[in-house]
Amino acid sequence: MKNIMRWLSQPPVDGPESTVLLRLMAGGVFFWEGILKFVYVNQGVGRFTKLGMPFPIFTADFVGGLEIVGGLLLMAGLLTRWMAIPFVIEMIVAMLSTKISLYLGTSPLPLPPAPPKIGAWAVLHEIRSEYAQIMVVLYLLINGPGKWSLDTLLARLRATQAGAFIGRTALPGLMSRSSELRASS
């Protein structure tokens with residue numbers, strides 16, 4: 001458990017700078033989708049009610065809040081791995097709760113405006129956004145936020161502070177001990 005916590009809390013900070021583009025894409029989509037859940041009833045409470053989600057008001061508000069806060073954190077590259085986990089779960093739930101009924105032709109949501117309207121091809125067409133989001137978030141979970149992130153900045157600050165602390169505590173002790181050894185020789 002300790003290793004998992006360390007893995008989540010200390011992501012690699014040497015990833016490519018271009019990872020920022022993936023964070024901006026995924027974080028931006030989560031952010032504006034979260035806002036939409038509060039602005040349009042049919043995207044939030046109404047959608048969750050039609051899908052038969054338990055406690056649709058609470059669930060829609062929770063998911064919307066998660067998407068807004070988590071999207072901003074992803075874009076900034078702060079707590080990247082921590083945010084990736086609930087987003088992976090959310091995308092899996094979104095795919096299962098909306099696409100199985102679309103495949104079967106029993107979706108309580110409006111069918112796609114153009115063919116294919118039901119079946120495997122309809123699902124593959126309609127799942128593209130969730131698929132892209134989950135793949136990007138999995139990439140960020142595995143590879144970390146990249147060099148241009150707040151996670152990287154904080155890791156550098158921690159390393160600098162640790163080095164300064166070691167310099168203040170261990171080095172003077174080593175210096176005085178070294179002087180003692182030279183004096184006794």
Side-chain angles (χ1 to χ4, degrees), residues 8-9 11-13 15-103 107-118 121-154:
L8 287 168
S9 300
V13 295
E17 291 92 348
S18 58
T19 303
V20 70
L21 298 174
L22 294 174
R23 287 196 341 263
L24 291 173
M25 188 281 296
V29 170
F30 281 118
F31 176 71
W32 71 64
E33 287 295 323
I35 290 173
L36 285 171
K37 284 176 179 58
F38 290 103
V39 175
Y40 295 99
V41 175
N42 68 326
Q43 293 297 317
V45 176
R47 184 178 185 88
F48 284 66
T49 301
K50 283 182 183 178
L51 291 171
M53 294 283 181
F55 312 107
I57 295 170
F58 171 78
T59 306
D61 289 351
F62 177 79
V63 171
L66 172 70
E67 289 178 340
I68 291 168
V69 172
L72 289 171
L73 289 172
L74 273 189
M75 287 189 284
L78 180 62
L79 303 173
T80 306
R81 281 184 162 169
W82 287 100
M83 288 314 309
I85 293 168
F87 282 152
V88 166
I89 293 166
E90 180 188 350
M91 290 296 95
I92 291 170
V93 170
M95 289 186 284
L96 292 175
S97 65
T98 60
K99 303 314 184 263
I100 292 173
S101 60
L102 178 64
Y103 175 78
S107 179
L109 302 174
L111 293 177
K117 292 187 178 277
I118 61 170
W121 288 111
V123 170
L124 291 173
H125 179 70
E126 292 296 317
I127 208 167
R128 65 193 182 279
S129 176
E130 291 98 337
Y131 179 75
Q133 287 291 94
I134 200 169
M135 289 298 129
V136 171
V137 171
L138 284 171
Y139 175 87
L140 295 172
L141 178 65
I142 294 165
N143 295 302
K147 290 178 185 170
W148 292 349
S149 67
L150 290 180
D151 282 340
T152 299
L153 179 64
L154 290 174

Peer 1: Are the side chains of Met83 and Phe30 in touch, meaning some heavy atoms are under 4.5 Å apart?
Peer 2: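 No, every pair of side-chain atoms sits at 4.5 Å or beyond.
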Peer 1: Thr49 versus Val45: any side-chain heavy-atom pair under 4.5 Å?
Peer 2: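 Yes - at least one pair of side-chain heavy atoms lies under 4.5 Å apart.
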Peer 1: What's the spacing between Leu24 CG and Thr19 OG1 if we round to 0.5 Å?
Peer 2: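 Nearest 0.5 Å value for the CG-OG1 distance: 11.0 Å.
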Peer 1: Please tabulate, one pair per line, all N/O donor-acceptor pairs under 3.5 Å involving side-chain atoms of residues 50-66, not counting sequence neighbours.
Peer 2:
| from | atom 1 | to | atom 2 | distance (Å) |
| --- | --- | --- | --- | --- |
| Thr59 | OG1 | Pro54 | O | 2.6 |
| Thr59 | OG1 | Phe55 | O | 2.8 |

Peer 1: Step by step, would you call Phe38 with Ile68 a side chain to side chain contact (heavy atoms under 4.5 Å, CB included)?
Peer 2: CA-CA 10 Å; Phe38 290 103; Ile68 291 168; 3.8 Å; yes
Peer 1: Can you list the residues that meet the side chain to side chain contact (heavy atoms under 4.5 Å, CB included) rule with Tyr103, with sequence neighbours excluded?
Peer 2: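 Listed in chain order: Ala120, Val123.
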Peer 1: Looking at every heavy atom in both Phe87 and Gly71, which two are closest together, and how far apart are they?
Peer 2: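 Shortest heavy-atom separation between Phe87 and Gly71 comes out as CZ-N, 3.8 Å.
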Peer 1: Quick one: side-chain hydrogen bond (donor to acceptor under 3.5 Å, both in side chains) pairs with a partner in residues 21-33, sequence neighbours left out?
Peer 2: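 Those involving residues 21-33 do not exist here.
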Peer 1: What pairs of residues pass the salt bridge (charged side-chain N to carboxylate O under 4.0 Å, His left out) test when at least one of them lies in residues 35-46, not counting sequence neighbours?
Peer 2: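 Salt bridge (charged side-chain N to carboxylate O under 4.0 Å, His left out) check on residues 35-46 returns Lys37-Glu67.
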Peer 1: Does the side chain of Glu126 reach to within under 4.5 Å of the side chain of Pro112, using non-hydrogen atoms?
Peer 2: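 Yes. Closest side-chain heavy atoms under 4.5 Å.
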Peer 1: To the nearest 0.5 Å, what is the distance between CE on Met25 and CE on Met75?
Peer 2: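 Going from the CE atom of Met25 to the CE atom of Met75 covers 12.0 Å.
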Peer 1: After noting the C-alpha distance and the side-chain angles of Leu153 and Val13, does the key distance pass the side chain to side chain contact (heavy atoms under 4.5 Å, CB included) rule?
Peer 2: CA-CA 9 Å; Leu153 179 64; Val13 295; over 6 Å; no
Peer 1: Evaluate the side-chain proximity of Leu78 to Leu154: yes if any heavy-atom separation is below 4.5 Å, no if none is.
Peer 2: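 Counting from C-beta outward, Leu154 and Leu78 do come under 4.5 Å.
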Peer 1: Side-chain donor-acceptor contacts of residues 145-152 below 3.5 Å, not counting sequence neighbours, with atom names and distances?
Peer 2:
| from | atom 1 | to | atom 2 | distance (Å) |
| --- | --- | --- | --- | --- |
| Ser149 | OG | Gly146 | O | 3.0 |
| Ser149 | OG | Thr152 | N | 3.1 |
| Ser149 | OG | Thr152 | OG1 | 2.9 |
| Asp151 | OD1 | Leu79 | N | 2.8 |
| Asp151 | OD2 | Leu79 | N | 3.4 |
| Asp151 | OD2 | Thr80 | N | 3.0 |
| Asp151 | OD2 | Thr80 | OG1 | 2.9 |
| Thr152 | OG1 | Gly146 | O | 2.7 |

Peer 1: Which atom pair, heavy atoms only, marks the closest approach of Gln43 to Leu36?
Peer 2: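 The pair with the smallest heavy-atom distance is CB-O, 3.7 Å.
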Peer 1: Tell me the closest heavy-atom pair linking Pro11 and Leu8, and the distance in Å.
Peer 2: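 In this case the closest contact between Pro11 and Leu8 is CD-O, 4.0 Å.
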Peer 1: What distance separates Leu96 CG from Ser101 OG, expressed to the nearest 0.5 Å?
Peer 2: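 Going from the CG atom of Leu96 to the OG atom of Ser101 covers 10.5 Å.
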Peer 1: Throw together a table of side-chain donor-acceptor distances under 3.5 angstrom for residues 130-143, partners on residues two or more places apart or in other chains.
Peer 2:
| from | atom 1 | to | atom 2 | distance (Å) |
| --- | --- | --- | --- | --- |
| Glu130 | OE2 | Lys99 | NZ | 3.0 |
| Gln133 | NE2 | Ala26 | O | 3.3 |
| Asn143 | ND2 | Tyr139 | O | 3.4 |

Peer 1: Rounded to the nearest 0.5 Å, what's the gap from CE on Met91 to OG on Ser129? Could you check?
Peer 2: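 Met91 CE to Ser129 OG: 7.0 Å, rounded to 0.5 Å.
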